[in-house]
Amino acid sequence: MADIIEITDFMAPELDIYARLTEGQLLRRDAPEKGLFIAESPMVIGTALDAGYVPVSCLVEHKYLEGQAGNIIERCGDIPVYTAELEVLTQLTGYNLTRGMLCAMHRPAMLSVESVCEGARRIVVLENVMNPTNVGAIFRSAAALNMDGILLTEGCSNPLYRRSIRVSMGTVFQIPWTFLDDAFAWPDPAIERLHDMGFKLAAMALRDDSVCIDDPALMAEEKLVIVLGTEGDGLAADTIADCNYTVRIPMAHGVDSLNVAAASAVAFWQLGNR
């Protein structure tokens, strides 16, 4: 049974994890097995619990202790549940977006690239996508539009950053993902190893030799990796050169490109339909 603990002072040390630790401090790069993340709202926390993530503590506004938050608290077992009045919690940055409940959870061990790709038909690679809002939006589209997994280069924002989780609406807990490790260094040898697994790679980029996103040969590929690049600069030239396809989304009214998150939704819809 949860241990309900009243908090009356915003500077109480129990609130450090929610109010004063940075994303980097939560991540614990020096000891990733001790890393934590913060999930917001009963719905998102419930999705994380469904996926097997392990809670450490919760922070709940008084009036939300019953109802949906109460159901989540029951599922969390014997952990501290800190509760406070609204005037204390409104000092938390972004509290008005939490729907009355925050939960600190253990970061899981990273999946292997092989396990993310096993049995998959459609994989996404994010190359140095640094904005956590974009990462979260891409995850939400990937989960909704039939992508089977996501691989991220080291330059990407972590999907378990608080803003990414919020924007993804919890889909970061539903779709398999991992960072490309030394054995799958990007772009070489990762692209070669993905080819060895039977995947063709489609680089989303604006080039004269690109094919339209509804190209019949592209759409007919049994196993496809959709590669999306960083905000602004897009994909590296070496990455594009090593992919099987360079793919464009037709534009109108003189617009040359879409934001990477918007482009991902279009690409996943066109190329992920079963």
Minimum heavy-atom separation for [X] to [Y], with atom names?
X	Y	answer
Tyr18	Leu59	OH-N, 3.8 Å
Ala236	Glu127	N-OE1, 2.9 Å
Ile213	Pro250	CG2-CD, 4.2 Å
Thr8	Val88	O-CG2, 3.6 Å
Ser157	Leu152	O-CD2, 4.0 Å
Asn146	Gly272	CB-O, 3.0 Å

Mind checking whether [X] and [Y] have side chains closer than 4.5 Å, heavy atoms only?
X	Y	value
Asp3	Ile79	no
Pro42	Asn71	no
Val124	Ser264	no
Leu151	Val116	yes
Gln270	Asp214	yes
Thr153	Phe179	no
Thr83	Leu65	yes
Pro108	Leu160	yes

Consider only side-chain heavy atoms of I, L, V, M, F, W and Y, link residues closer than 4.5 Å, and tell whether [X] and [Y] are in one cluster.
X	Y	answer
Val260	Met147	yes
Ile72	Val60	yes
Met110	Val172	yes
Val225	Leu126	no
Tyr64	Val44	yes

Sub-3.5 Å donor-acceptor pair from the side chain of [X] to the main-chain atoms of [Y], do we have one?
X	Y	value
Thr171	Gln174	no
Arg162	Ile38	no
Asn244	Leu201	yes
Asp148	Arg122	yes
Gln25	Thr22	yes
Lys223	Met197	yes
Thr239	Leu235	no

Using side-chain contact (heavy atoms from CB on, under 4.5 Å), reason through Tyr82 and Cys58 one step at a time and then give a plain yes or no. CA-CA 6 Å; Tyr82 305 114; Cys58 291; over 6 Å; no
Can you find a side-chain donor-acceptor pair between Tyr245 and Glu221 that sits under 3.5 Å? yes
Verify whether one side chain among His106 and Glu33 offers a donor that lies under 3.5 Å from an acceptor in the other. no
What verdict does the side-chain contact (heavy atoms from CB on, under 4.5 Å) test give for Arg248 and Cys212, after you've listed the backbone C-alpha separation in whole Å, the side-chain angles of each residue and the deciding distance to 0.1 Å? CA-CA 5 Å; Arg248 70 180 184 277; Cys212 189; 4.2 Å; yes
Should we say atom CZ of Arg107 is surrounded by more than 12 heavy atoms from elsewhere, each under 6.0 Å from it? yes
State the [atom1]-[atom2] distance between [X] and [Y], to the nearest 0.5 angstrom.
X	Y	atom1	atom2	result
Cys156	Asn131	SG	CG	11.0 Å
Leu86	Glu61	CG	CD	4.5 Å
Ile150	Ile175	CD1	CD1	4.5 Å
Asp215	Ser210	CG	OG	10.0 Å
Glu40	Arg166	CD	CZ	4.0 Å
His62	Ile4	NE2	CD1	9.5 Å

When the side chains of residues 132-141 are checked against the rest of the protein, which donor-acceptor pairs come out under 3.5 Å, sequence neighbours left out?
residue: Asn134; atom: OD1; partner: Asn259; partner atom: ND2; Å: 3.4
residue: Asn134; atom: ND2; partner: Glu231; partner atom: OE2; Å: 3.0
residue: Ser141; atom: OG; partner: Ala137; partner atom: O; Å: 3.4

Does the Lys NZ or Arg CZ of Arg20 fall within the cation-pi geometry relative to Phe10 - under 6.0 Å from the ring centre and within 45° of the axis? yes
salt_bridge(Asp50, Arg75) N-O dist < 4.0 Å: yes
Is there any ring pair (Phe, Tyr, Trp, His ring centres under 6.0 Å) pair reaching into residues 19-50, and which pairs are they, with sequence neighbours excluded? Phe37-Tyr53, Phe37-Phe173
Could you go step by step and tell me if Leu224 and Phe199 meet the side-chain contact (heavy atoms from CB on, under 4.5 Å) rule? CA-CA 5 Å; Leu224 189 68; Phe199 288 99; 5.7 Å; no
After noting the C-alpha distance and the side-chain angles of Val266 and Leu258, does the key distance pass the side-chain contact (heavy atoms from CB on, under 4.5 Å) rule? CA-CA 10 Å; Val266 175; Leu258 296 173; 4.1 Å; yes
Out of Leu180, Asp238, Asn128, which one pairs with Trp186 under the side chain to side chain contact (heavy atoms under 4.5 Å, CB included) rule? Leu180
Hey, could you give me each pair passing salt bridge (Lys or Arg N to Asp or Glu O under 4.0 Å) that has a residue in residues 179-194? Not counting sequence neighbours. Glu114-Arg193
